[in-house]
Amino acid sequence: MMKRYLGLTLVAVGISAISFAQVTYKNAIGARVSPVSYYDFFSFSYKTFVTNAGAIEVNAGIGHKSYVGHSPFTFAASAAYQHHFAIPVEGLNWYVGGGLTMYNSFSDKNGGYRGLGFGFFPTGGIDYKFPTIPLNLSADYRPSIFFTKPDFQDSFFATNFGISVRYVLGSR
């Protein structure tokens, strides 16, 4: 019985030791690319930590996808809260969170692709800050659910994967 308690205590201590992120930067600015997204293919990205493990990421960018006979252009913006957890590798964290997104699609040929999309997304990913240079990389997954959207767009967009590259502005 004592071995069971000792084992449970060691597991709890181990989980709590890796659950607190040791993020070494405060702010970072750069770009996010989501190759399969029709509404935010390329975005400017700004990430700031508001607590030791909590960050806000803001993106603003463009999308462009060709459909039969025309290619609508979109402008998109999003904001997300991310809670980071440490991985036992220096500079590497994983995170979960969620946010809001909106886009406006402009199409000159078909009104079904023109209009405003507004929704939310859960998010999860990994974040790496190089120890010796001011560079941050992250990869994320953001399946998006839209409350409003143009007629011919999807209300659920499951394949929104992205990669961000940012220059670190401040260290902790």
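Quick caveat: nothing in here was measured; it's all calculated off a predicted structure. By convention here, the first residue in the shown sequence is residue 1.
No donor-acceptor pair under 3.5 Å is formed between the side chain of Asn136 and the backbone N or O of Tyr167. Using modelled atom types, one side-chain atom of Ser144 and one backbone atom of Arg142 make a donor-acceptor pair closer than 3.5 Å. Between the side chain of Thr101 and the backbone N or O of Ser78 there is no donor-acceptor pair closer than 3.5 Å. In this structure, the side chain of Lys26 does not engage the main chain of Leu169 through any donor-acceptor pair within 3.5 Å.
Here the side chains of Thr74 and Phe41 are not in contact, with every heavy-atom distance at 4.5 Å or above. At least one side-chain heavy atom of Phe44 sits less than 4.5 Å from a side-chain heavy atom of Phe42.
Ring orientation note: the planes of His83 and Tyr81 are tilted relative to one another, at an angle of 30° to 60°.
Shortest non-hydrogen contact noted between Ser43 and Asp40 is OG-CB, 3.8 Å. The shortest non-hydrogen separation linking Leu135 to Val165 is CD1-CG1, 3.7 Å. Between Gly117 and Phe146 the shortest heavy-atom distance is C-CD2, 4.1 Å. In terms of heavy atoms, Tyr103 sits closest to Ala76 at CB-CB, 3.8 Å. Contact detail for Arg166 and Ser45: the closest heavy-atom pair is NE-OG, 2.9 Å. Between Ala60 and Phe75, the shortest heavy-atom distance links the atoms CB-CZ, 4.5 Å.
Residue Ser34 forms a side chain to side chain contact (heavy atoms under 4.5 Å, CB included) with just one option from Ile163, Asn59, Thr159, Asn160, and that option is Asn160.
Cluster membership for Ile133 and Val89, using ILVMFWY side-chain heavy atoms within less than 4.5 angstrom, is shared. Taking hydrophobic clusters as Ile, Leu, Val, Met, Phe, Trp and Tyr residues chained together by side-chain heavy-atom distances below 4.5 Å, Val33 does not share a cluster with Phe161. A single hydrophobic cluster is seen to contain both Tyr128 and Val96, as judged by linkage of ILVMFWY side chains at heavy-atom distances under 4.5 Å, directly or through other members. Connection of Phe121 to Phe147 is not established within any shared hydrophobic cluster, with ILVMFWY side chains joined at heavy-atom distances below 4.5 Å, either directly or through further cluster members. Ile56 and Leu100 are assigned to two separate hydrophobic clusters, defined by single-linkage of ILVMFWY side chains at heavy-atom distances under 4.5 Å.
We find the CD-OG distance between Gln82 and Ser138 to be 7.0 Å, quoted to the nearest 0.5 Å. The line from CG of Asn93 to CD of Glu90 is 11.0 Å long, rounded to the nearest 0.5 Å. Annotation: the span from Phe106 atom CZ to Arg114 atom CZ amounts to 10.5 Å, rounded to 0.5 Å. Here the OG1-OH distance, from Thr48 to Tyr25, works out to 9.5 Å after rounding to the nearest 0.5 Å.
Judged purely by distance below 3.5 Å, without hydrogens or angles, the side chains of Thr123 and Asp140 never pair a donor atom with an acceptor atom.
By the 6.0 Å and 45° rule, Lys47 stacks over the aromatic ring of Tyr95.
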